[in-house]
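Accompanying notes for the structure given below.
By convention here, the first residue in the shown sequence is residue 1. Heavy atoms only: backbone and side chains are in, while hydrogens, waters and symmetry mates are out. Here the structure is a predicted model, which means the values were calculated and not measured.
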Amino acid sequence: MVNAIKGLYISCDIPMAQFIINMNASLPQSQKFIIHVLDNTHIFVRSDVAGMIRSAIASFREQNTYEKPA
């Protein structure tokens, strides 16, 4: 019998994939969202966490954006 899991396929660069993997590792077991790490740049995650991942990435990018001093 085949087991199918509905999810979201993420394709990104290696640093962003590591950020997502570390974000998943920091959560308790009941909230982990990664179904399978396919390779260094591709991850399969639960589809209900897309918004959470997007907001975490946006926050991470804001914190790491260089702004020229006035």
Side-chain angles (χ1 to χ4, degrees):
M1 177 132 197
V2 175
N3 291 330
I5 300 173
K6 188 174 186 177
L8 181 69
Y9 175 77
I10 298 176
S11 178
C12 56
D13 60 355
I14 294 173
M16 192 55 62
Q18 287 302 310
F19 173 75
I20 294 169
I21 291 168
N22 289 335
M23 185 172 72
N24 182 67
S26 69
L27 296 173
Q29 186 63 35
S30 62
Q31 295 179 355
K32 293 197 185 280
F33 55 84
I34 292 181
I35 297 170
H36 191 71
V37 177
L38 303 170
D39 63 20
N40 288 337
T41 59
H42 301 96
I43 304 171
F44 190 61
V45 300
R46 291 189 346 233
S47 59
D48 60 322
V49 296
M52 180 185 73
I53 294 172
R54 282 191 181 121
S55 65
I57 290 171
S59 173
F60 177 72
R61 285 186 176 169
E62 276 183 27
Q63 293 172 0
N64 290 306
T65 301
Y66 176 75
E67 293 182 16
K68 186 176 179 180

Main-chain N/O of Arg61 paired to Thr65 side chain as donor or acceptor, under 3.5 Å
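Yes: the side chain of Thr65 pairs with the backbone of Arg61.
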
For the backbone of Gln18 and the side chain of Asn22, can you confirm whether one donor and one acceptor N or O come within less than 3.5 Å of each other?
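Checked: pair present.
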
Check: [Y] and [X] side chains under 4.5 Å, non-hydrogen atoms:
| X | Y | answer |
| --- | --- | --- |
| Met23 | Phe60 | no |
| Ile10 | Ile53 | yes |
| Ile5 | Asn3 | no |

Rounded distance (nearest 0.5 Å) linking atom [atom1] of [X] with atom [atom2] of [Y]:
| X | Y | atom1 | atom2 | result |
| --- | --- | --- | --- | --- |
| Phe44 | Leu8 | CZ | CG | 8.0 Å |
| Ile34 | Ile43 | CD1 | CD1 | 5.0 Å |
| Ile35 | Lys6 | CD1 | NZ | 11.5 Å |

Co-membership, hydrophobic cluster, residues Val45 and Leu38, 4.5 Å side-chain
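No, Val45 does not connect to Leu38 through the hydrophobic network.
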
Does Tyr9 belong to the same Ile/Leu/Val/Met/Phe/Trp/Tyr cluster as Phe33, with side-chain heavy atoms less than 4.5 Å apart forming each link?
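Different clusters: Tyr9 never reaches Phe33 through Ile, Leu, Val, Met, Phe, Trp or Tyr contacts under 4.5 Å.
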
Minimum heavy-atom separation for Ala17 and Cys12, please, with both atom names.
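What the structure gives for the nearest pair is N-SG, 3.5 Å.
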
Kindly give the heavy-atom pair with the smallest separation between Asp13 and Met16, and that separation in Å.
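Taking Asp13 first and Met16 second, the nearest heavy atoms are OD1-CB, 3.0 Å.
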
